[in-house]
Amino acid sequence: MDRLSELPESVLLHILSFLTTRDVVKTAVVSKRWPHLWTIIQELDFSDDFVQYQDFVDFVNRTLLSRGTSRIKRFGIHLFLNDSSRKDYDGWILYAAKNNVEELFLDFDSDCCEWLPPKCVYCNSSPKTLRLWSCWLRSDMQISWNSLTKLTLRFSVLWDKIIHKIMVGAPKLEFLELDWWGL
């Protein structure tokens, strides 16, 4: 047995938390002990660094299906928005919400379409940290972020009504960062 595999599971998971999700999944071939270790990692960070966009979408879908309902501490998606995959994005975000994610990072870049977060983003008491990039927050949605202490909105469109809803709906908010937002 290799020395790395002799480490306690908690130490191995901590080491894996420093890798990209794509690299963590690749560790399944490292040792007989590791094939399913990646499925309980609590930090998932997906970036679209794939050659083919559909390969990225398929990878995220397969990864989330393989994990089942394992707890997630941090969930991040960083990609160039493709309007044809909107149902996939919404499904990934719903998956994170159902698994009580504490840190949610949704960094979308787009020149084709606006991104409106799904309903589960507005009424989710799990996240303590929320970062939204390039989104349009809907003014007709009620906001309920009871555990949220840190909110970052970048390249997003906001109105006074939405800012008011954030202040009311996030009673524990300690840090608010607005960067390059429009009205």
Side-chain angles (χ1 to χ4, degrees), residues 9-10 12-138 141 144-145 147-148 151-156:
E9 186 174 276
S10 61
L12 291 173
L13 290 172
H14 181 70
I15 292 168
L16 291 176
S17 73
F18 294 99
L19 299 175
T20 66
T21 300
R22 188 175 182 183
D23 289 336
V24 169
V25 172
K26 290 178 185 178
T27 66
V29 298
V30 170
S31 167
K32 289 180 183 178
R33 182 175 170 212
W34 291 46
H36 300 288
L37 189 61
W38 69 270
T39 64
I40 57 173
I41 192 86
Q42 294 184 5
E43 292 83 14
L44 295 173
D45 194 25
F46 298 101
S47 290
D48 64 346
D49 56 354
F50 288 70
V51 175
Q52 297 292 324
Y53 191 80
Q54 190 58 46
D55 290 344
F56 170 74
V57 171
D58 293 344
F59 171 73
V60 176
N61 286 334
R62 279 191 317 271
T63 301
L64 298 182
L65 280 172
S66 297
R67 287 182 46 78
T69 58
S70 297
R71 183 178 179 276
I72 302 174
K73 181 177 183 215
R74 184 179 68 232
F75 185 85
I77 304 173
H78 317 274
L79 62 89
F80 193 84
L81 195 60
N82 180 326
D83 200 37
S84 64
S85 297
R86 190 177 302 259
K87 66 176 178 43
D88 291 299
Y89 311 147
D90 290 353
W92 303 339
I93 296 164
L94 182 59
Y95 174 88
K98 285 183 175 181
N99 285 283
N100 300 314
V101 67
E102 292 178 21
E103 300 173 25
L104 182 60
F105 304 137
L106 303 174
D107 302 347
F108 294 127
D109 192 8
S110 173
D111 63 1
C112 70
C113 48
E114 60 195 36
W115 179 68
L116 299 165
K119 292 178 182 179
C120 65
V121 170
Y122 297 92
C123 289
N124 188 342
S125 60
S126 298
K128 295 177 182 175
T129 302
L130 178 61
R131 182 175 72 202
L132 302 174
W133 285 24
S134 302
C135 76
W136 290 56
L137 290 174
R138 294 176 41 187
M141 296 297 292
S144 180
W145 295 329
S147 300
L148 194 69
L151 175 62
T152 301
L153 298 169
R154 291 196 171 136
F155 314 111
S156 298

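Atoms considered below: every heavy atom in the structure, side chains included; atoms not considered: hydrogens, waters and symmetry mates.
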Which distance, rounded to the nearest 0.5 Å, do you find between the [atom1] of [X] and the [atom2] of [Y]?
| X | Y | atom1 | atom2 | answer |
| --- | --- | --- | --- | --- |
| Lys128 | Leu148 | NZ | CG | 11.0 Å |
| Asn61 | Gln54 | CG | CD | 8.0 Å |
| Leu12 | Ser17 | CG | OG | 11.0 Å |

Derivation and outcome, side chain to side chain contact (heavy atoms under 4.5 Å, CB included), residues Tyr89 and Leu79 | CA-CA 10 Å; Tyr89 311 147; Leu79 62 89; 3.7 Å; yes
Do Tyr95 and Trp92 make the cut of ring centroids closer than 6.0 angstrom?
-> no
Hey, does [Y] have a side-chain heavy atom less than 4.5 Å from the side chain of [X]?
| X | Y | result |
| --- | --- | --- |
| Ile40 | Leu13 | yes |
| Val121 | Ile93 | yes |
| Leu137 | Pro117 | yes |
| Arg62 | Arg67 | no |
| Tyr122 | Arg138 | yes |
| Leu106 | His78 | no |
| Leu104 | Thr129 | no |

Backbone of [Y] reached by a side-chain donor or acceptor of [X] within 3.5 Å:
| X | Y | answer |
| --- | --- | --- |
| Asn99 | Val101 | no |
| Thr21 | Asp45 | yes |
| Ser156 | Leu153 | no |
| Ser125 | Trp145 | no |

Check Thr63, Leu64, Val57 against Val60 for a side-chain contact (heavy atoms from CB on, under 4.5 Å) and give me the one that passes.
-> Leu64
Let me know which of Leu16, Ile72, Leu19 forms a side-chain contact (heavy atoms from CB on, under 4.5 Å) with Ile41.
-> Leu16
Plane angle bin for Phe46 and Phe59 - parallel if under 30°, tilted between 30 and 60°, otherwise perpendicular = perpendicular
Whether His14 and Phe18 hold their rings parallel, tilted or perpendicular, with breakpoints at 30° and 60° = perpendicular
The side chain to side chain contact (heavy atoms under 4.5 Å, CB included) partners of Ile15 (sequence neighbours excluded) come to Leu4, Leu7, Val11
Sorted by chain and residue number, the salt bridge (charged side-chain N to carboxylate O under 4.0 Å, His left out) partners of Arg74 (sequence neighbours excluded) come out as none
Residues passing the salt bridge (charged side-chain N to carboxylate O under 4.0 Å, His left out) test with Lys73, sequence neighbours excluded, are Glu103
Check the pair Gln42, Glu102 against side chain to side chain contact (heavy atoms under 4.5 Å, CB included), reporting the backbone distance first and the verdict last.
-> CA-CA 10 Å; Gln42 294 184 5; Glu102 292 178 21; over 6 Å; no
